[in-house]
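In what follows, every chain begins at residue 1, and chains take the letters A, B, ... in the order their sequences are listed.
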There are 2 protein chains.
Amino acid sequence: MRFTKATNYALHTMLKLFEASPVKPIGVQELAEMQGVSPTYLSKILTRLVKAGMIESVSGVNGGYRLSRKKDDITFLDIIHAIEGTASLFECNFVHGDECTIQAVMKEAEEKMESHLKNTKLMDMASKANIS
Amino acid sequence: MRFTKATNYALHTMLKLFEASPVKPIGVQELAEMQGVSPTYLSKILTRLVKAGMIESVSGVNGGYRLSRKKDDITFLDIIHAIEGTASLFECNFVHGDECTIQAVMKEAEEKMESHLKNTKLMDMASKANIS
DNA sequence: TCATTCAAAGACTTATTGTATCTATAATAT
DNA sequence: ATATTATAGATACAATAAGTCTTTGAATGA
Ligand code: SF4
Ligand code: SF4
């Protein structure tokens, strides 16, 4: 029960892209080198963010990745869901009706966490962060 | 990023033990059959709860497991930590100082979830639940 | 005392997921 | 056209989850 490294890479990349130019894309090799991960692997991760509509990719010379238009609305939860999926953290084999309190407690706990991640936007923190 | 099945088993067992007699232990085979899991595997899981001090084991004839004395203080978080460990959900390779906002956001989100799990005690819900 | 019943522990297997690489393909600027 | 860059798929490797098997040791009752 941990967040995957892919989520880590995605968060760092998003923060970097937020700080960068909104028009000129950054190549994946630069993004990968910055984080000590292989370009092809990071590319595969970023493709999920592309499909989620939060970044855009540009092929060819001087290509790379840049944020999409609606950059101000991107939340931590958006990024995490794009990478980890949206499945519930606690799954049980059977469903014993609505009165099941175990599920209720676990689900509510998860919602507490997600609520915080949803209320924190990339914009809120980009100014403070400095990734080397 | 999901809770393991072991956590599922532990929660259900704890709830069952809470409803049961505080003095007469329940054998692991009964607990296991109830959840459709092998007795030896469940035993391995429950041993972690024993070491965490929340249940007691009784060997020999008519042995099994029962809650420990301080049954009223056991929280969901206690059970989950005993099974999943207490490591942080989000780990990063490097530590770029206290001003890192990524870590701050992720850690606070985790604390929101843990806070809810810590405030929910087994006692609070035992009366409502009915596991078949 | 002795056999029976039970949990504890460790070695071991298997399945699933995470992490990553490699190669080929498609898109784009010059 | 050619160099550059992302995309996709196959593949490989590692780590963890999930579970089995067997042995050991503790408690009970006959
Ligand atoms: S008691 Fe609740 S958590 Fe457990 S199996 Fe039934 S529905 Fe799922
Ligand atoms: S920027 Fe923050 S989260 Fe990222 S590696 Fe540095 S300390 Fe860790």
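Salt-bridge formation is not detected for the pair A:Glu91/B:Lys5: no Lys NZ or Arg NE/NH1/NH2 atom is positioned less than 4.0 Å from an Asp or Glu carboxylate oxygen.
In this structure, the CZ atom of A:Arg66 is 15 Å from the P atom of D:dT5, given to the nearest Å. One atom, CG of B:Asn62, and another, P of D:dA27, lie 14 Å apart when rounded to the nearest Å. Here the P atom of nucleotide D:dA17 and the CE atom of B:Met1 are 13 Å apart, to the nearest Å. Spacing between atom CG of B:Leu31 and atom C1' of C:dC6 amounts to 13 Å, rounded to whole angstrom units. The nearest whole Å value for the distance from the CD atom in A:Glu91 to the P atom in D:dA17 is 17 Å. Per the geometry, CD1 belonging to A:Ile45 stands 9 Å off C1' belonging to C:dA20, to the nearest Å. Atom P of nucleotide D:dT28 and atom NZ of B:Lys24 are separated by 15 Å, given to the nearest angstrom. What separates CD1 of A:Ile55 from C1' of D:dA6 is a distance of 11 Å, to the nearest Å.
Close to D:dA6, at under 4.0 Å from its OP1 or OP2, lies no side-chain N or O of A:Tyr41. Within the 4.0 Å cut-off from OP1 or OP2 of D:dT7, at least one side-chain nitrogen or oxygen of A:Thr47 is found. In this structure, B:Ser38 reaches the D:dT20 phosphate: one of its side-chain N or O atoms is under 4.0 Å from OP1 or OP2.
Within the 4.0 angstrom heavy-atom criterion, only backbone atoms of the sugar-phosphate kind lie near A:Gly63; the bases stay farther away. Within the 4.0 angstrom heavy-atom criterion, base atoms lie near A:Ser43. If you check every strand for non-hydrogen atoms under 4.0 Å, B:Arg2 touches sugar and phosphate atoms only. Residue contacts shown for B:Phe3 are absent, as no nucleic acid heavy atom lies under 4.0 Å away. Contacts of A:Ser57 with the nucleic acid, taken as non-hydrogen atoms under 4.0 Å apart, involve only primed sugar atoms and P, OP1 or OP2.
The main-chain N or O of B:Asp78 is found under 3.5 Å from a side-chain atom of B:Thr75 such that the two form a donor-acceptor pair.
Comparing A:Lys51 and A:Gln29 by the nucleotide of DNA chain D that holds the closest heavy atom to each, the one mapping nearer the 5' end is A:Gln29. For the pair B:Glu84 and A:Val58, nearest-nucleotide mapping onto DNA chain D gives the more 5' position to A:Val58.
Taking every side-chain heavy atom of B:Lys44 into account, D:dG19 is the closest of D:dG19, C:dA29, D:dT7. Here C:dT28 is the nucleotide among D:dA18, C:dT28, C:dA8 with the atom lying nearest to any side-chain atom of A:Val61. Among the nucleotides C:dA20, D:dT20, C:dA8, the one closest to the side chain of B:Tyr65 is C:dA8. Residue B:Val28 places its side chain closer to C:dA7 than to any other of D:dA18, C:dA7, C:dA8. Comparing C:dA7, D:dA6, D:dT20 against the side chain of A:Ser59 picks out D:dA6 as the nearest. With C:dC22, D:dT22, D:dT5 as the candidates, the nucleotide lying closest to the side chain of A:Thr40 is C:dC22.
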Next item on the list: Quick one: do A:Glu111 and B:His116 satisfy side-chain hydrogen bond (donor to acceptor under 3.5 Å, both in side chains)? Show the steps, please.
Entry: CA-CA 10 Å; A:Glu111 281 169 0; B:His116 183 252; over 6 Å; no

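Of the residues listed (A:Leu11, A:Asn8, A:Ile80), the one engaging A:Phe3 in a side chain to side chain contact (heavy atoms under 4.5 Å, CB included) is A:Ile80, and it is the only one. When each of B:Lys70, B:Lys71, B:Arg69 is paired with B:Glu56, the salt bridge (Lys or Arg N to Asp or Glu O under 4.0 Å) condition holds for B:Arg69 and for no other.
Remark: the B:Thr7 side chain and the B:Glu84 side chain contain an N/O donor-acceptor pair separated by less than 3.5 Å.
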